[in-house]
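Please read the structure below before turning to the comments.
All values below were derived from every heavy atom in this structure, side-chain atoms included, with hydrogens, water molecules and symmetry-related copies excluded.
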Amino acid sequence: MLDPRLLRSELEEVARKLKRRGFELDTDAIARLETERKAIQTRTQELQNERNQSSKAIGQAKAKGEDIQPLLDAVADLGDKLKSAESRLSAIKEELDGILMGVPNLPDESVPEGSSEEDNVEIRRWGRPPEFGFEPKDHVDVGHALGQMDSDTAAKLTGSRFTVMTGPLARLHRALIQFMLDLQTSEHGYCETYVPYMVNADSLRGTGQLPKFEDELFKLEGDLGYYLIPTAEVPVTNMVRDQILAAEDLPLKFACHTPCFRSEAGSYGKDTRGMIRQHQFEKVELVQIVRPDRSFEALEELTGHAEEVLRRLELPYRMMNLCAGDIGFSAAKTYDLEVWLPGQGKYREISSCSNFVDFQARRMQARWRNPGEKKPQLVHTVNGSGLAVGRTLVAVMENYQDEGGRIAVPAALQPYMGGASHIEPNR
RNA sequence: GGAGAGGUGGCUGAGCGGUUGAAAGCACCGGUCUUGAAAACCGGCAGGGGUUAGCGCCCCUCGAGGGUUCGAAUCCCUCCCUCUCCGCCA
C-alpha cells in the first residue's frame, strides 16, 4: 500500500509515476473521498469530544451528589448524531481503503520505461550457451527418453500442469533443493526457515496477492478460508507482520524451501508443454527484512545470491532490469534472472528478485525502532527466488544432456547424488 | 471432537462501569555518581490519526465485530486465537 499521506499531498505526482507502469489512478474519486473524509472525520471527532466532556461532567456531578438529570437531558440526542457520523466515516474510510489496496507500488526512478517484457533492460550476462554436436532436445524429450518424467500419469492423478518424476531424476530434483538451501544458509547467511503451506487472507493482503489477485490462488474449501501459498514469500514475509523490530535485529534473512501453488488462470495455452509452468512447483525463496536505507543494496546483494546458484551449477544466464510496465504489483524494482534453455533456444525466467520498499511493510504494519527517530518506522522488504527448482531442473536437463540421452550431473550436485556423474536412461 | 483457563503497552503483568490510555516490573533512552564500567539513585518512555510555526490540544485503539449505557479494558452477545486436560491421529 502507498502512503495515504503521499496521496493527499502529491496526488498528481503519484498518478504520474503510476502511469509509467500503465496504471490509471482515479485521482478525482480519491480527491473527492479525501475531502469528504476530512470533513466527516472532523465532525465525528467534535461530537466524540462533546460526548467525552459531558460524560466526564456527569461522573463528577454524580460523585458530588448533585442532580444529573439536566446534564442527561442535554446529551439526549448526541448519541444518534454521533452514531450516524461514525458510520458515515467508516463507510468512506472503507471505500477509500478499497481503492488504495488496489493501487500498485510506485516504480523506482532506476526502473526503465516500457510497457512489456520487450522493454526490459539487460544488465549483464554470464556463461556461454553450450555447443552441441547434435540437435539438443527440450527437457520433455530428455525426460521421456530417460523414462523418469511423466506428465500423462500426472494428468491421470490430477490433471494438466503437473509432473511425475521417478528415480535419479526425482533425486536430482531433490538434490537441487538441498544444494540451494545449503548454499544460501551456510555461505550467504540466511536462516533456514520452515513455514505453513497454507495461509490466511491477512497474510495474502500483507504481501499484496489480495485483494486483487485472488483468481491466481488456490483457495481451500471450508470455513477456514485458507489458501495454498503461491510462493514462500507470503508466509515468510508475514512473519514480521504487526511487529516492531529492534534495530539490532535487522537485517533478517530467511531462506525457505516450499512448494508453490498457482492456478495459472490467465495463462491458458502458455507454456503448456513440460514443466515450465506448473500448478505445483518447488522453490527456494530468499527474504530479507531490512532498514529502509539499505533496501536497494539488499536487492543487489540478494540478486547476487540467486546468481551464485546458477554460477555454481554453471548454467548460462542473463540479468534483466524489468521495465515499469513489467514489474509486479507490489514491487518498486525487480531484477529477473533468465537461464539459457537450449531446447527453446532462449533465455527464460528462473528467478525474480524485488525490492518492495515499504509497500508490503505498510500493509503488514511491520516496523522497526530507528534510534534516530521517535516513532517506529516501516521496514523495507526484499525477496527473490534462489531459485525456482522446477525450472532449474529443466535448465540442467537441457544444458547437460548428451547425444546418448544421458544427463551429466553438475559438479556442485554430485555430492547430493551419491557421487554419480551422470543420470542414465532407464533400461 | 469433549472439558476448562486466558487474550491489556517492545516484553511480563495489575486493573470497584466514571481524570485508568491504563499500576508495577523488565527492556530501552537521558542524567547524577564513577578514571571507566557495573550497581545505586533521578527523570523519560504505547501505537495510530487530526490540528498547530511551535508549546500544545483533540480523536481512536486494552484479540475482532456487534450491543447495553450519559459514560465500557471493566457488563452482554457473536467470532477468532492461545494454553491445559481427555479423546482421535502421522
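- Remark: the separation of the P atoms in B:G47 and B:C11 is 12 Å, to the nearest Å.
- Regarding A:E248, its CD atom lies at a distance of 14 Å from the P atom of B:A27, rounded to whole Å.
- Atom pair A:K56:NZ and B:U19:C1' shows a separation of 5 Å (rounding to whole Å applied).
- Nucleotide B:C57 forms a Watson-Crick or G-U wobble pair with B:G50, both donor-acceptor distances falling under 3.5 Å.
- A residue-by-residue look at A:Q60 and A:V75 shows that A:Q60 has its nearest nucleotide of RNA chain B further toward the 5' end.
- Between the CG atom of A:D242 and the P atom of B:G10 there is a distance of 11 Å, given to the nearest Å.
- Rounded to whole Å, the P atom of B:G63 lies 6 Å from the corresponding atom of B:U8.
- Sparse packing is recorded around CD of A:E117, with 12 or fewer heavy atoms of other residues, nucleotides or ligands lying under 6.0 Å away.
- Both distances falling under 3.5 Å, in either a Watson-Crick or a G-U wobble arrangement, place B:G10 opposite B:C26.
- If you check B:G18 for Watson-Crick or wobble pairing at under 3.5 angstrom, you find it paired to B:C70.
- In this entry B:A40 has B:U32 as its Watson-Crick or G-U wobble partner, both defining distances falling under 3.5 Å.
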I'd like to compare against my own output: the B/S/- annotation of nucleotides 47-59 of chain B with a strict under-4.0 Å heavy-atom distance to protein. SSBSS------SS
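- Using atom P as the reference point in both B:G4 and B:C42, the two lie 48 Å apart (nearest Å).
- Nucleotides B:A14 and B:C86 have their P atoms positioned 26 Å apart, rounded to a whole Å.
- The separation of B:A72 from B:G15, taken at their C1' atoms, amounts to 13 Å, rounded to a whole angstrom.
- Checking B:A3 for Watson-Crick or G-U wobble geometry (two distances, each under 3.5 Å) identifies B:U84 as its partner.
- The closest side-chain donor-acceptor pair between A:Y194 and A:H257, if any, does not fall under 3.5 angstrom.
- Donor-acceptor pairing under 3.5 Å is recorded for the side chains of A:S110 and A:K333.
- Rounding to whole angstrom units, CG of residue A:D202 and P of B:C80 are separated by 14 Å.
- Taking the charged nitrogens against the carboxylate oxygens, A:R205 and A:D202 do have a contact shorter than 4.0 Å, which makes a salt bridge.
- As rounded to whole Å, 10 Å separates atom C1' of B:U69 from atom NZ of A:K83.
- Looking only at atom types and distance, the side chain of A:R174 has no donor-acceptor partner in the side chain of A:Y416 under 3.5 Å away.
- A search for side chain to side chain donor-acceptor pair (under 3.5 Å) contacts involving A:S295 returns A:N355, A:H380, not counting sequence neighbours.
- Between the CD atom of A:E66 and the C1' atom of B:G18 there is a distance of 14 Å, rounded to whole Å.
- Partners of A:H279 according to the ring-ring contact (aromatic ring centres under 6.0 Å, His included) rule, which considers only residues two or more places apart in sequence or in another chain, are A:F162, A:F218.
- Nucleotides B:G67 and B:U61 have their P atoms positioned 13 Å apart, rounded to a whole Å.
- Between the P atoms of B:C59 and B:U20, the separation comes to 15 Å (whole Å).
- The 5' end of RNA chain B is approached more closely, in terms of each residue's nearest nucleotide, by A:K62 than by the other of A:K62 and A:S54.
- For A:Q360 and A:T381, the side-chain atoms include at least one donor-acceptor pair closer than 3.5 Å.
- To the nearest whole angstrom, the two P atoms, one in B:C62 and one in B:C57, are 23 Å apart.
- The interatomic distance linking A:E86 (CD) with B:G67 (P) rounds to 10 Å, in whole Å.
- Rounded to whole Å, atom C1' of B:A46 lies 16 Å from atom CD of A:Q243.
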